[in-house]
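Okay, structure first, notes after.
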Amino acid sequence: SRDDDPRSQIRSLASIFGPIHRHKRSESDGVAPISASGHFPGYYGTSHHAHPPHTDGAFDNRPPMFMALQCLVKAEQGGDSQLLSGAGLYDSVANHSPAALRALFAPDALTVRRDGEGAMASIFTVVADAIHLRYRDDTTAEFADRADVALGVDLCRRHVADPRNILQFRLEPQQILIVDNRGVLHGRTSFNPTSGRLLLRATYTGEGTEQLGLRCGFSR
């Protein structure tokens, strides 16, 4: 039967993408509202500012595998969603400097800390026969102080800053965006804080998805 309740809809995706991955800002069911508010200062989910392309849960030891955003109210201007290919980012660094790419596989390449949580990890990681991505570049992130890592990060920043590498669009009310959180960066442009923009977000562990043929990351 059809369920018209948006919150139920985004929760129901757990039957496909695995249990909901909860975090400090999510509510009791694991779903978090995305809107401009004075709650949880320092979180981009409560800010109207641009959110640089990133993967969710970079401060977790085990980040979620999938992420979903459901639009309830769109901003008339701004608040556009942005997607950027992890495989494209990998290839961009590899084509400029194989040594810098290798440095981004170091287990201390990236450290992310926020609100009492934190993790140190590589930016690219080999998982089975795929490559998984963990990336964040804002005030919560630090990178290893080595020349090869610095070059790799600089190459990442150049790629992410190039609008030719970004798919940008605005979600319409009731539309749901589902993202491979280990293979795709997602971000958002800024918007007017009085616009009433409201989305729901949930992240999923990915447990049990292999039997459905769902895989995260990318092959290289």
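Values below: all heavy atoms of this structure, side chains included; hydrogens, waters and symmetry mates excluded.
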How about [X] and [Y]: do any of their side-chain heavy atoms sit closer than 4.5 Å?
| X | Y | answer |
| --- | --- | --- |
| D137 | P52 | no |
| D29 | I20 | no |
| L110 | Y135 | no |

When you group the ILVMFWY residues by side-chain heavy-atom contacts below 4.5 Å and let the links chain together, are [Y] and [X] in the same group?
| X | Y | result |
| --- | --- | --- |
| L84 | M65 | no |
| L72 | V31 | yes |
| V149 | L89 | yes |
| Y44 | M67 | no |
| F218 | V127 | no |

Taking salt bridge (charged side-chain N to carboxylate O under 4.0 Å, His left out) as the criterion, tell me which of R11, R201, R7 meets it with E27.
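Filter result, single survivor: R7.
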
So which of R136, R114, R113 actually passes salt bridge (charged side-chain N to carboxylate O under 4.0 Å, His left out) with E142?
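Only one option passes, and that is R113.
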
Could you walk me through whether S195 and N192 pass the side chain to side chain donor-acceptor pair (under 3.5 Å) check?
CA-CA 5 Å; S195 66; N192 188 324; 5.7 Å; no

Take T203 and H21 through the side chain to side chain donor-acceptor pair (under 3.5 Å) test and state the conclusion after the steps.
CA-CA 5 Å; T203 55; H21 179 101; 5.1 Å; no

Give me the ring orientation class for F124 and F105: parallel if the planes are under 30° apart, tilted from 30 to 60°, perpendicular past 60°.
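The arrangement is tilted - the two ring planes meet at 30° to 60°.
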
Donor-acceptor contact below 3.5 Å, side chain [X] vs main chain [Y]:
| X | Y | answer |
| --- | --- | --- |
| D80 | T189 | no |
| R25 | P33 | yes |
| R188 | H49 | yes |
| R170 | E76 | yes |
| D154 | A150 | no |

Between T125 and S122, does a side chain to side chain donor-acceptor pair (under 3.5 Å) hold up when you go through it step by step?
CA-CA 6 Å; T125 304; S122 59; 2.4 Å; yes

Nearest 0.5 Å, please: how far is CG in L83 from CD1 in I166?
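Taking CD1 in I166 and CG in L83, the distance rounds to 9.5 Å.
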
If you measure from CG on L177 to CG on L171, what distance do you get to the nearest 0.5 Å?
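It is 5.5 Å, given to the nearest 0.5 Å.
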
Using the side chain to side chain donor-acceptor pair (under 3.5 Å) definition, which of the options D56, D180, T55 pairs with H186?
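When D56, D180, T55 are each tested with H186, the side chain to side chain donor-acceptor pair (under 3.5 Å) holds only for D56.
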
May I ask you to check whether F66 and F17 place their ring centers less than 6.0 Å from one another?
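Yes: the rings meet the under 6.0 Å criterion.
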
Please determine, by modelled atom types, if R182 and H132 share a side-chain donor-acceptor pair under 3.5 angstrom.
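Note: R182 and H132 side chains meet the donor-acceptor criterion.
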
Between the side chains of Y204 and N181, is a donor N or O closer than 3.5 angstrom to an acceptor N or O?
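Short answer, no.
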
Side chain to side chain donor-acceptor pair (under 3.5 Å) between Q9 and Q70, worked out:
CA-CA 9 Å; Q9 290 171 353; Q70 182 170 25; 2.8 Å; yes

Other residues, nucleotides and ligands only: do more than 12 of their heavy atoms fall within 6.0 Å of CD on Q77?
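Count not over threshold, so no.
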
Please check if the number of heavy atoms outside E210 that lie under 6.0 Å from its CD is greater than 12.
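Atom CD in E210 is not crowded, with 12 or fewer foreign heavy atoms closer than 6.0 Å.
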
Name of the residue among I123, T111, L104, D108 meeting side chain to side chain contact (heavy atoms under 4.5 Å, CB included) with F143
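Exactly one option meets the side chain to side chain contact (heavy atoms under 4.5 Å, CB included) with F143, and it is I123.
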
